[in-house]
Amino acid sequence: MPEPTSSKHYEEKFEFPLWKLIKQRAEEKDISYSAAYQEVLPEYQKTIRYKDTEWTDEQIRKRNIEIAGLKKREREKGVKGD
Amino acid sequence: MSTAIRIDYRRCNSCRKCYDLCPMDIFIMDEEIKMPRVAYEEECAFCGVCWMECPKRAIDIVYPPSMW
Amino acid sequence: MATQEMTDRIIETDVLVIGGGVGGCPAACKAAEHGLEVALLEKSKIERSGQTGPGLDEIGAYPRDGATVLDLMGRFPGRSSDPNMRYRVIDNMLWALEELERLGVNMRYVDGEYGWMPWNGLHSKDVGPKVQLRVHWQNVKPEMAAAVRKRGVKVFDRTMVVDLLTHNSKVAGATAVNTRTGEFIVFKAKAVVLATGRVSRHYGPDAPPSWKYKMAYNFFAPSMAGDGHAAAYRAGAELTCMEMAGQGPFPRDAMLLQPGQFFQNDGMTGLTLNWKGEELAPHQEMTHYMESQGMLPIYFSIENLPDDFQKRVEVHIADETMIRLKLAEDRGFNPRAHRYHLSLRGVGNGNILVNENFQATLKGVFAIGDCGGAGGGGGSPTAGFLVGDTIHKYVSEAGEPVVDEGQVENQRRAALAPLAVKDVNEGIEPLEMEYTVRSMCEEYGGAIKTEGMLREGLRRLGSLKKDFMPRLMAINPHYLGRCLEARNILDMAVVHLQASLERKETRSRGWGNTFVRFDYPKEDPTYSNKRLCQRLEKGEAVIEIKEVPALKPEYAKESK
């Protein structure tokens, strides 16, 4: 992982998959980016696991447990929290 | 001097959407060419409304140093 | 001079809604559905105005899925609003959802279903109840605007409020200026609904000599200059918690992602890190920030999110401010790898004081949304619908509004004065005035306040108002709008510093809800359950510390 205060962040050009689709659709049909997004959105959403609640909840649960542990360790060190 | 809001007049079809919708009112209508012009660029909020609403994708918004 | 001679137009209406955003539009629609005459003032155009002009990705919170109204109130403690008002808003969120659909606003998320998402923190380790609603609201404003126009509301776009009109301690309407034509308009109204959003332009990154591009859309729309707060205050209404109209921790690069991603992401919390890459617990960061400056900068990241959640974030960005996708890509920013500096930006809390029925302390004035203490993309329409639904009761008993010609004359003179300043060598540009106010708040207010600095800041703002404001110059009606904003920004900066002086303690209630005094570094229990209230009496600022009203017994019942 590049250091947050380094410039290595900018050496690789990153493309948002969604933005790429929006641009393509806008150019194909010669429409506004806003109109292109409305068209592309349902297709893009099909690639996201909204309905797989078992998997999604498992990811969230794992992360929440990590945070609970972190908060506990910090409180033990005397850090105040909300 | 660099500008952040750039209109491509080859693409503009004079629909006036940018002029009508801009939340900070930075455009004026140039009555000679009947196309919008950026008149108050320092008040731009980079909301992207003009850029995303333009039916010809004629507006480009370029990231300025002052936002960095 | 008679009103007709002083004004280009007089508009008579039952209800005047000032601010056509995500709160004002529902309020106007609902009031019109009751058969009332409604006029709506908007300083840009309702199709794309306000905080949600470019869009929004999520609203909430809703009492459902095991979470009660009281649960949600506990999550969002707020001294600034009457808890009974907040109860009503949360309690009516699901009703407002139906009302929004009735207006023609798209509320569905995927495959025609609602996008209910969990909120972290309500339950510590398990997946929280699904109380947040994901929305594809890139076009919420065009949809709301169509509903407004269809209902016969008289919409005045590019029209900015100057001041409220009052008679016998009751509101009688307002004066306004069209910032394209320069028209001065008098509105005679039985009731006024203020829906003008937050006070968020009196702080800002310190401007170099060129102030170009400092209107960045950090989180709150730059249109939010506190126009409603200022008009209410100048008319004698009370404001509250204005010491909170200051700075809070906010990502410096908000234009390259958006702040919601750090805590939400459909339930997946991102990372909070110090510069060494060590993880900090969320919401502990203000403490770290204050106590151990060697830990700075604090960074946010979503690099821990699995690919599926990264895609969801792209959709959220597109829904809220799609330009950020393009700007981030052009800049070489990769949210899957990069860390965002958590710096300090204006958070603009503090609102017009209202009671359970959204009534301000000036009779006939109602305040909703971010300017009325019940805001956000979910709270604002709910409050708007509630006021729109019940305001007919007030209107039917209000009587004929009486316009005070002396007030009209004063307001007209004050509003149009910048057009009369002709000497370009003498005239001061409104943006220069605004940025001077901002630099004063940055230096003398700042994130960590102290008495001496606050007093010096107030002295400087006072002399800015007396010596420089009269030279404010507008070469056309567009700049007249900016001059009106500059006046509001200055007035609210003074209110903010005065309130800050009065709160002699430090109190942290998490994200954006923290007040820090260098000279009073501890929490003082005399301020617990109290709030600072400010108003003008005969031109003098009066500040009182008042008890926050108790929650009514029928709301406090756990069985609800």
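Below, chain A is the first sequence line, B the second, and so on; all start at residue 1.
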Side chains of A/Tyr33 and C/Ile323: closer than 4.5 Å at any heavy-atom pair?
no
What's the verdict on salt bridge (Lys or Arg N to Asp or Glu O under 4.0 Å) for C/Lys130 and A/Asp57, showing C-alpha distance, side-chain angles and the deciding distance?
CA-CA 11 Å; C/Lys130 296 183 163 75; A/Asp57 284 359; 3.8 Å; yes
Tell me, do C/Asn139 and A/Gln38 make a side-chain contact under 4.5 Å, heavy atoms counted?
yes
Is any side-chain N of the basic residue among C/Lys326 and A/Glu15 closer than 4.0 Å to the acidic one's carboxylate O?
no
List the atom of C/Gln138, the atom of A/Ser34, and the distance in Å for their closest heavy-atom pair.
OE1-OG, 2.7 Å
With a 4.5 angstrom heavy-atom cut-off, is it the side chain or the backbone of C/Gln310 that approaches chain A, or both, or neither?
neither
Go through it in stages, so that I can follow the logic: the residues are C/Leu280 and A/Lys71, the test is side-chain contact (heavy atoms from CB on, under 4.5 Å), and I'd like the CA-CA distance, side-chain angles, deciding distance and then a yes or no.
CA-CA 8 Å; C/Leu280 312 173; A/Lys71 277 187 175 163; over 6 Å; no
Report yes if the side chains of C/Lys311 and A/Tyr44 come closer than 4.5 Å at any heavy-atom pair, otherwise no.
yes
With a 4.0 Å cut-off, would you call C/Asp307 and A/Arg49 a salt bridge?
no
C/Glu314 vs A/Trp19 side-chain heavy atoms within contact, under 4.5 Å
no
Counting a contact as any heavy-atom pair under 4.5 Å apart, which residues of residues 21-29 of chain A contact chain C?
A/Ile22, A/Lys23
Testing the basics here: between A/Gln59 and C/Pro306, what is the closest heavy-atom pair and its distance to 0.1 Å?
OE1-CG, 4.0 Å
Assess whether side-chain contact (heavy atoms from CB on, under 4.5 Å) is satisfied between C/Phe309 and A/Ile48, documenting all intermediate values.
CA-CA 8 Å; C/Phe309 283 86; A/Ile48 298 172; over 6 Å; no
Per-residue contact mode, A/Pro42 against chain C (heavy atom under 4.5 angstrom)
neither
I'd like to know whether OH of C/Tyr114 has more than 12 heavy-atom contacts from other residues, nucleotides or ligands below 6.0 angstrom.
yes
I'd like to check C/His136 versus A/Gln45 (side-chain heavy atoms, cut-off strictly below 4.5 Å). Are they in contact?
yes
Any idea which heavy atoms bring C/Pro118 and A/Ile60 closest together, and the distance?
CG-CD1, 3.8 Å
When you look at CD of A/Glu54, are more than 12 heavy atoms from neighbouring residues, nucleotides or ligands closer to it than 6.0 Å?
no
So, do A/Glu66 and C/Leu271 sit near enough that their side-chain heavy atoms are less than 4.5 Å apart?
no
Has the side chain of C/Glu279 got a donor or acceptor atom that lies under 3.5 Å from a matching backbone atom of A/Leu70?
no
So how far is it from C/Asn304 CG to A/Lys62 NZ, rounded to the nearest 0.5 Å?
11.5 Å
At a heavy-atom separation under 4.5 Å, does C/Tyr109 approach chain A through its side chain, its backbone, both, or neither?
both
With distance as the sole test, does A/Arg61 use its side chain to make a donor-acceptor pair with the main-chain N or O of C/Asp126 at under 3.5 Å?
no
Within the 4.5 Å heavy-atom criterion, are C/Asp308 and A/Tyr50 side-chain neighbours or not?
no
Nearest heavy-atom contact between A/Glu74 and C/Ala281 is OE2-N, 3.4 Å
Distance-minimising heavy-atom pair for A/Phe14 and C/Arg336
CZ-NE, 3.6 Å
Quick check: are there more than 12 heavy atoms from other residues, nucleotides or ligands sitting under 6.0 Å from NZ of A/Lys51?
yes
Check whether any side-chain heavy atom of C/Val315 lies under 4.5 Å from a side-chain heavy atom of A/Leu18, and answer yes or no.
yes
Who are the ring pair (Phe, Tyr, Trp, His ring centres under 6.0 Å) partners of C/Tyr520, not counting sequence neighbours?
none
Counting only heavy atoms closer than 4.5 Å, note whether A/Phe16 contacts chain C via side chain, backbone, both or neither.
both
